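In the text below, chain A, chain B and the rest are named by the order of the sequence lines, each starting its count at 1. No experiment lies behind these values; they were computed from the predicted model shown.
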There are 2 protein chains.
Amino acid sequence: MKLTSKGRYAVMALVDLARFDNINPVSLRDISLRQGISLDYLEQIFSKLRKKEIVQSVRGTQGGYILNKKAKEIKLTNIFDAVDEKVKTVQCKKESKKGCNGKSTKCLTHNLWDELETHINNFFKEKSLEDLVKDNIERRV
Amino acid sequence: MKLTSKGRYAVMALVDLARFDNINPVSLRDISLRQGISLDYLEQIFSKLRKKEIVQSVRGTQGGYILNKKAKEIKLTNIFDAVDEKVKTVQCKKESKKGCNGKSTKCLTHNLWDELETHINNFFKEKSLEDLVKDNIERRV
DNA sequence: TATAAACCTGACTAAAATAGTCAAGTATCA
DNA sequence: TGATACTTGACTATTTTAGTCAGGTTTATA
Ligand code: FES
Ligand code: FES
């Protein structure tokens with residue numbers, strides 16, 4: 001199981017953005033340089049974040065992005081959801097009654113993976129962008 | 001983030017195996033049929049499980065595999081470890097002092113992913129094969 | 001003692017997912 | 001009017017996954 005770059009970058013970029021405390025728009029170019037993420041890739045990511053109303057864009061010179069909500073209200077879940085970084089542990093379709101083995105009952109381990117998925121998602125539901133920014137400031141001292 | 005088939009199958013096969021309570025060797029052919037997993041693929045998986053001493057093989061006709069330890073002592077961690085299903089959340093090399101951005105300090109989110117990795121691994125450390133077999137029997141009633 | 005069941009090994013490959021790049025815009029400020 | 005920065009969509013190389021395939025070796029049992 002591994003985390004993809006898309007998810008990692010999305011969070012990384014938003015932490016960078018959040019540190020500027022929502023005063024001035026932050027350009028993707030700056031984030032790209034500071035965090036070492038390809039600008040073109042960031043654009044893809046922010047396009048999704050904007051559509052899910054996590055950030056707002058400001059066009060033109062001196063433009064960039066600002067948070068669309070309080071950092072406290074943006075949870076990791078929301079970010080991952082926006083960029084389609086989803087936790088997938090079961091093989092079967094969840095709605096379907098069929099198991100991953102094609103049989104009419106769920107497989108021996110279905111329940112386990114379902115628990116695992118919940119376990120992981122709980123982590124994402126708890127953490128907010130604010131927590132991350134704070135963590136970072138503390139460690140820096 | 002998603003779980004790969006290899007990891008899922010390894011656990012599925014071992015639960016199947018463990019249900020026979022270690023009396024007779026269970027052939028991969030049987031597991032293949034019952035769980036709907038390719039025999040050739042199972043062989044790859046069991047080769048690894050054997051090398052890590054999770055199962056023992058019995059060659060020849062009527063042969064198969066048996067558990068090499070008590071089901072209680074086999075944790076998910078051990079299984080995943082054996083088949084190289086590893087949880088990987090950070091981008092950087094752990095030993096290296098460099099961050100994933102190539103800079104000399106760890107990136108803004110390194111700590112977060114490290115926490116996540118621990119969180120997930122905790123789940124795997126707790127669950128034993130015995131738990132899984134029990135769960136299954138209970139649900140069946 | 002022949003034979004079939006089952007383990008054992010390594011190489012190979014098709015398909016999917018990932019991690020981007022590239023090109024061609026549009027909006028806005030100075 | 002130029003520069004900066006967002007916007008969009010298509011494209012692609014690389015890597016990973018999820019197997020397959022081909023050839024073994026071992027051993028119970030008929
Ligand atoms: S994972 Fe849902 S039935 Fe196997
Ligand atoms: S994940 Fe370790 S430095 Fe970024």
Side-chain angles (χ1 to χ4, degrees), chain A residues 1-13 17 20 24-66 68 80 83-89 91 100-102, chain B residues 1-13 17 20 24-52 54-66 68 80 83-89 91 100-101:
Chain A
M1 316 194 69
K2 70 180 175 219
L3 188 68
T4 66
S5 289
K6 195 165 55 176
R8 193 182 299 106
Y9 287 164
V11 177
M12 213 185 285
L17 184 73
F20 290 85
N24 299 310
V26 178
S27 74
L28 293 189
R29 183 153 194 285
D30 286 353
I31 298 181
S32 164
L33 290 174
R34 277 195 295 260
Q35 307 303 329
I37 306 170
S38 140
L39 178 59
D40 281 319
Y41 204 17
L42 273 178
E43 271 163 0
Q44 280 184 45
I45 291 169
F46 273 76
S47 158
K48 295 184 179 199
L49 292 173
R50 187 172 56 79
K51 279 174 189 149
K52 288 296 173 79
E53 300 180 342
I54 291 175
V55 296
Q56 256 185 8
S57 68
V58 180
R59 301 188 73 154
T61 325
Q62 305 287 73
Y65 287 91
I66 54 174
N68 198 24
F80 278 179
V83 300
D84 305 306
E85 170 85 21
K86 34 186 175 272
V87 176
K88 189 164 184 273
T89 58
Q91 174 75 351
C100 58
N101 42 20
Chain B
M1 315 194 67
K2 70 179 175 219
L3 188 68
T4 67
S5 290
K6 195 165 53 175
R8 193 181 299 107
Y9 289 164
V11 177
M12 212 184 286
L17 184 67
F20 290 85
N24 297 311
V26 178
S27 74
L28 293 189
R29 183 152 196 285
D30 286 354
I31 298 180
S32 165
L33 291 173
R34 278 195 295 261
Q35 307 304 329
I37 305 171
S38 141
L39 179 59
D40 282 320
Y41 204 18
L42 273 178
E43 271 164 1
Q44 279 184 44
I45 292 169
F46 273 76
S47 158
K48 295 184 179 197
L49 291 174
R50 188 172 56 79
K51 278 173 191 151
K52 288 296 172 79
I54 290 176
V55 295
Q56 256 185 7
S57 67
V58 179
R59 301 190 74 156
T61 326
Q62 305 286 73
Y65 287 91
I66 54 174
N68 198 25
F80 278 180
V83 299
D84 306 305
E85 170 84 23
K86 35 185 176 273
V87 177
K88 188 166 185 272
T89 57
Q91 174 73 354
C100 59
N101 42 22

Keeping B:Ser32 on the side-chain end and B:Ser38 on the backbone end, is there a donor-acceptor pair under 3.5 Å?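 Such a contact is absent between B:Ser32 side chain and B:Ser38 backbone.
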Counting only N and O atoms by type, is there a donor-acceptor contact under 3.5 Å from the side chain of B:Arg8 to the main-chain atoms of A:Thr89?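 Confirmed, B:Arg8 side chain pairs with A:Thr89 backbone.
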A:Phe80 side chain reached by A:Leu3 side chain, heavy atoms, under 4.5 Å: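 Touching, per the 4.5 Å side-chain cut-off.
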Within the structure provided, determine whether A:Lys48 and A:Lys6 are in side-chain contact (heavy-atom separation under 4.5 Å).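 A:Lys48 vs A:Lys6: side chains touch.
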Heavy-atom nearest nucleotide on DNA chain D for A:Tyr65 versus A:Lys2: which residue maps closer to 5'?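 Its nearest nucleotide lies further toward 5', so the answer is A:Tyr65.
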[atom1] of [X] versus [atom2] of [N]: gap in Å, rounded?
{"X": "A:Asp84", "N": "C:dA17", "atom1": "CG", "atom2": "C1'", "result": "13 Å"}
{"X": "A:Lys6", "N": "C:dT21", "atom1": "NZ", "atom2": "P", "result": "15 Å"}
{"X": "A:Gln91", "N": "D:dT17", "atom1": "CD", "atom2": "C1'", "result": "11 Å"}
{"X": "A:Lys51", "N": "D:dC6", "atom1": "NZ", "atom2": "P", "result": "15 Å"}
{"X": "B:Ile37", "N": "D:dT17", "atom1": "CD1", "atom2": "C1'", "result": "16 Å"}
{"X": "B:Asp40", "N": "D:dC21", "atom1": "CG", "atom2": "C1'", "result": "7 Å"}
{"X": "A:Leu39", "N": "C:dA23", "atom1": "CG", "atom2": "P", "result": "15 Å"}
{"X": "A:Asn101", "N": "D:dA18", "atom1": "CG", "atom2": "C1'", "result": "17 Å"}

I'd like to know whether B:Val11 forms a side chain to side chain contact (heavy atoms under 4.5 Å, CB included) with B:Glu85, so could you lay out the CA-CA distance, the side-chain angles of the two residues, the decisive distance to 0.1 Å, and finally the verdict. CA-CA 11 Å; B:Val11 177; B:Glu85 170 84 23; over 6 Å; no
Would A:Gln35 and B:Asn101 count as having a side-chain donor-acceptor pair, cut-off 3.5 Å?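 Result is no, nothing qualifies.
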Return whichever of B:Gln62 or A:Ser5 has its heavy-atom-nearest nucleotide of DNA chain C closer to the 5' end.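 Result of the comparison: B:Gln62.
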Taking only side-chain nitrogens and oxygens of A:Tyr9, does any of them come within less than 4.0 Å of OP1 or OP2 of C:dG20?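 So the side-chain polar atoms of A:Tyr9 do come within 4.0 Å of the phosphate oxygens OP1 or OP2 of C:dG20, strictly under.
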Kindly point out which of C:dA23, D:dT4, D:dA28 is positioned nearest to the side chain of A:Thr61?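 Closest nucleotide to the A:Thr61 side chain: D:dT4.
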Closest to the B:Ser38 side chain: C:dA19, D:dT7, D:dG19?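 The listed nucleotide nearest to B:Ser38's side chain is D:dG19.
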Intermediate values then yes/no, side chain to side chain contact (heavy atoms under 4.5 Å, CB included), B:Leu39 and B:Glu43: CA-CA 6 Å; B:Leu39 179 59; B:Glu43 271 164 1; 4.3 Å; yes
Grab the two heavy atoms, one from A:Ile66 and one from A:Leu17, that are nearest each other, plus how far apart they are.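 Distance-wise, the nearest heavy atoms are C-CD2, 4.3 Å.
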Within residues 25-34 of chain B, which residues have any heavy atom lying less than 4.0 Å from an atom of DNA chain D?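 Going residue by residue through residues 25-34 of chain B, none turns out to have a heavy atom under 4.0 Å of DNA chain D.
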Passes side chain to side chain contact (heavy atoms under 4.5 Å, CB included), B:Val58 versus B:Gln56? Steps please. CA-CA 7 Å; B:Val58 179; B:Gln56 256 185 7; 5.8 Å; no
Touch class at under 4.0 angstrom, heavy-atom based, for A:Lys88 against every strand present: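 Since no nucleic acid heavy atom lies under 4.0 Å of A:Lys88, the category is nothing.
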Proximity to DNA chain C (any heavy atom under 4.0 Å), residues of residues 41-50 of chain B only: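 Heavy-atom cutoff 4.0 Å gives B:Glu43, B:Gln44, B:Arg50.
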Determine, stepwise, if the pair A:Leu49 / A:Tyr65 fulfils side chain to side chain contact (heavy atoms under 4.5 Å, CB included). CA-CA 10 Å; A:Leu49 292 173; A:Tyr65 287 91; over 6 Å; no
At less than 3.5 Å, do the side-chain atoms of A:Arg59 and the base atoms of D:dT7 form a donor-acceptor pair?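 Not at all, since no donor on one side and acceptor on the other fall under 3.5 Å apart.
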